[in-house]
Protein chains: 2
Amino acid sequence: MDNPADHEDEARSGIGREAVRGRADTGTLGKAIAVLDIVASADAPMRFTDILALSDQPRGTLHRQLSNLVEEGLLSLGRDHSYSVGIRLLKFAARAWAGNQFRVIAEPHLRKLHDLTGETVHLGVLRGNEVIYLDKVESRQAVRMYSQIGNASPVYCTGVGKAGLSALSDAELQAVVASIRFRRFTDSTLVTPEALLREIEEIRASGNAYDREEHEPGIRCVAAPVHSADRSFVGGLSVTGPAYRISPELLESWAVLVRNAAGAIMEDMGARLGPRT
Amino acid sequence: MDNPADHEDEARSGIGREAVRGRADTGTLGKAIAVLDIVASADAPMRFTDILALSDQPRGTLHRQLSNLVEEGLLSLGRDHSYSVGIRLLKFAARAWAGNQFRVIAEPHLRKLHDLTGETVHLGVLRGNEVIYLDKVESRQAVRMYSQIGNASPVYCTGVGKAGLSALSDAELQAVVASIRFRRFTDSTLVTPEALLREIEEIRASGNAYDREEHEPGIRCVAAPVHSADRSFVGGLSVTGPAYRISPELLESWAVLVRNAAGAIMEDMGARLGPRT
DNA sequence: AATTGCATTCCAAATAATGGAATTTCAATT
DNA sequence: AATTGAAATTCCATTATTTGGAATGCAATT
């Protein structure tokens with residue numbers, strides 16, 4: 001599943017407070033991280049000229065930016081002049097994950113939901129027009145944790161993504177939807193803003209989002225919106241499974257469980273964060 | 001101290017750029033990442049003044065650096081003015097992990113080693129005077145993957161760390177050892193450069209490093225050095241288990257298995273990278 | 001209402017980044 | 001072994017960004 005033209009500009013209009021920045025890539029740091037993002041969004045190591053083609057920086061500038069990133073361990077430069085993401089980021093991410101209170105508070109609820117359904121449970125948050133998976137509980141350990149945690153998927157074709165969108169204000173929703181470059185993954189993928197917005201309305205009314213094989217054929221899920229106490233994290237909670245095992249009726253029967261779990265998470269967060277303020 | 005062997009090693013050129021690096025807080029990016037590192041190294045969210053105390057930047061400067069990091073999603077600023085590591089790093093790390101060829105090539109060998117011993121297997125690489133765990137295979141899934149992957153531990157009291165050190169040139173070894181601030185974790189922890197260097201010599205001779213409850217009481221391990229084909233990654237492979245289950249004799253009986261697995265990984269890497277060059 | 005302990009903003013001076021062009025290295029081919 | 005075109009890297013006068021000490025804002029506490 002390669003998405004070639006994805007890392008072009010991505011119009012990073014994110015969510016919440018860290019989000020309403022229309023302009024990004026400003027300042028020395030911003031430009032450097034934009035370069036890092038280009039390399040991180042590719043699915044193979046990139047050579048200098050490959051990156052040059054995607055970045056809008058002059059040769060000399062780009063070269064120094066890359067050198068700085070390598071110097072800091074954020075990128076790694078192979079003998080064959082190919083750049084890939086550096087392992088120093090693993091350390092940062094491990095801390096980001098372990099220290100994330102939203103995830104920590106949610107974790108027991110994910111487990112409970114997994115026990116109730118027997119299927120894979122995901123927690124993800126919005127970041128721009130992507131959803132980043134924060135946690136996952138599954139039965140078989142065959143699939144590695146890292147295979148999902150940290151992974152970025154489009155908002156418009158995942159249960160977690162659509163659930164998250166439904167929790168945004170209209171202004172935020174409009175901004176995100178406008179930044180989406182729709183791409184058809186399956187026959188069921190929603191590929192227009194109108195179809196997406198219509199579905200968001202339904203989600204707001206019912207409290208549940210569904211992924212009916214819209215991202216991957218044979219994969220269904222039911223989700224509900226969750227957000228952290230201060231709304232700095234907005235996302236969703238979902239139960240996912242193979243279509244052959246999960247009938248639409250079964251999926252629907254889990255809807256209330258997912259909503260309850262999402263509600264319980266938000267209650268826990270209020271309980272922990274409320275008094276402290 | 002004009003050891004001819006040193007020149008020999010230096011002549012081998014660019015060894016372990018990734019593995020051994022001095023402090024490089026230079027440039028705008030470097031200083032920003034240094035600030036990020038301060039926040040990532042703390043085990044709780046930090047407020048502005050906490051960070052100010054640890055960084056040697058003036059108020060105004062630090063404040064703008066933090067703002068920039070938040071702007072880029074590398075840090076997240078809570079409503080209570082506390083900074084924590086941002087989830088955008090999860091995306092970068094997921095790519096760094098999935099795309100890391102060293103880890104990809106090593107993975108089947110970790111599994112095989114796990115099957116042979118039944119105990120937890122770790123793969124880690126040196127970064128400065130820390131070892132960063134790249135992968136882990138364990139029996140019980142009770143402990144979460146993220147609990148180790150990406151985690152940074154001191155080189156001098158872990159099997160993987162000491163194994164990695166033994167694979168460095170004398171010059172690199174000296175540089176790393178000089179940068180260590182020794183801390184006693186258990187009664188067995190090596191706390192002097194001399195003791196560490198003496199043990200590195202033994203590891204070089206035998207091909208195996210041991211952690212005899214030097215980091216955590218009740219935890220033992222046997223390790224062997226590994227490095228990527230171009231030596232851009234230098235680290236170790238280890239089998240770890242609880243002391244009550246793993247006698248010193250049993251541990252020693254695994255030594256050859258670990259050495260063989262390490263050798264097989266390096267052979268695989270040569271096989272994949274060799275023809276391409 | 002005043003105080004205290006923070007976090008945040010300001011702006012001239014200092015410093016680091018910029019980028020077009022020149023140079024060097026690489027790798028494929030003869 | 002020599003040639004050559006492509007790719008990577010370095011150079012340095014110009015330009016834009018960061019710097020940092022001091023002033024200001026903000027919200028609890030007395």
Side-chain angles (χ1 to χ4, degrees), chain A residues 17-18 20-21 23-39 42 44-72 74-84 230 232 273-277, chain B residues 11-14 17 23-39 42 44-72 74-84 229-230 232 273-277:
Chain A
R17 81 249 330 273
E18 52 178 289
V20 193
R21 25 164 247 226
R23 85 266 184 224
D25 303 356
T26 47
T28 306
L29 180 65
K31 287 179 229 166
I33 300 302
V35 171
L36 177 57
D37 205 47
I38 288 174
V39 179
M46 299 179 87
R47 317 243 325 207
F48 180 82
T49 346
D50 305 329
I51 305 172
L52 183 65
L54 289 176
S55 103
D56 49 0
Q57 305 283 348
R59 302 181 72 80
T61 303
L62 178 64
H63 190 267
R64 184 181 30 73
Q65 289 167 335
L66 287 167
S67 302
N68 289 339
L69 287 164
V70 169
E71 174 80 10
E72 293 306 320
L74 306 185
L75 282 181
S76 145
L77 175 56
R79 274 262 154 104
D80 60 343
H81 302 275
S82 71
Y83 294 88
S84 44
D230 59 358
S232 59
L273 292 181
R276 198 188 290 166
T277 331
Chain B
R12 256 190 288 166
S13 87
R17 292 189 185 124
R23 190 67 61 217
D25 295 352
T26 50
T28 306
L29 179 66
K31 288 177 227 165
I33 299 301
V35 171
L36 177 57
D37 205 45
I38 288 175
V39 178
M46 299 179 87
R47 317 248 323 244
F48 179 81
T49 344
D50 305 330
I51 304 172
L52 183 63
L54 290 178
S55 102
D56 48 1
Q57 303 284 346
R59 302 181 71 78
T61 303
L62 179 64
H63 191 267
R64 185 182 30 74
Q65 289 168 334
L66 286 167
S67 302
N68 289 339
L69 287 164
V70 169
E71 173 82 9
E72 294 306 320
L74 305 185
L75 282 181
S76 142
L77 174 57
R79 202 155 266 192
D80 60 343
H81 303 275
S82 71
Y83 293 89
S84 43
D230 59 358
S232 59
L273 294 180
R276 198 189 289 166
T277 334

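As the structure is a computational prediction, the values presented were derived from the model and not from experiment. Chain letters run A, B, ... following the sequence lines, proteins first and then strands; every chain starts at 1.
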Reading nucleotides 12-27 of chain C 5' to 3', which nucleotides get B (base under 4.0 Å from a protein heavy atom), which S (sugar-phosphate only), which -? ----SSBBB-----S-
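- Rounding to the nearest 0.5 Å gives a distance of 6.0 Å between CG of A:L74 and CD1 of A:I33.
- The CZ atom of B:R64 lies 10.5 Å from the CG atom of B:L69; values are rounded to the nearest 0.5 Å.
- End-to-end axis angle of the helix from C:dA1-D:dT30 to C:dT30-D:dA1, from C1' rotation axes over five pairs per end: 40° (rounded to 10 degrees).
- Here the NZ-CG distance, from B:K31 to B:L36, works out to 16.0 Å after rounding to the nearest 0.5 Å.
- As rounded to whole Å, 16 Å separates atom P of C:dG5 from atom CG of B:D50.
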Just list the side-chain donor-acceptor pairs under 3.5 Å for residues 49-56 of chain A, sequence neighbours left out, or say none.
residue, atom, partner, partner atom, Å
A:D50, OD2, A:R47, N, 2.9
A:S55, OG, A:Q57, N, 3.1

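- Considering all non-hydrogen atoms of both residues, A:L29 and B:A32 come closest at CD1-CB, 4.1 Å.
- At whole-Å resolution of the value, CD1 in A:I51 and C1' in D:dA7 are 13 Å apart.
- Nearest heavy-atom pair across A:E72 and B:T26 is OE2-O, 4.2 Å.
- Atom CG in B:L69 sits about 14 Å away from atom P in C:dT8, given to the nearest Å.
- Shortest non-hydrogen contact noted between B:F48 and B:L66 is CD1-CD1, 3.6 Å.
- Rounded to an integer number of Å, the gap from A:L62 CG to D:dA7 P is 15 Å.
- Residue B:H63 places at least one side-chain N or O under 4.0 Å from the OP1 or OP2 atom of C:dT8.
- The CG atom of B:L66 sits 15 Å away from the C1' atom of D:dT19 (whole-angstrom rounding).
- Across every non-hydrogen atom of A:V39 and A:M46, the tightest pair is CA-SD, 4.0 Å.
- The separation between B:F48 atom CZ and D:dG25 atom C1' is 14 Å, rounded to whole Å.
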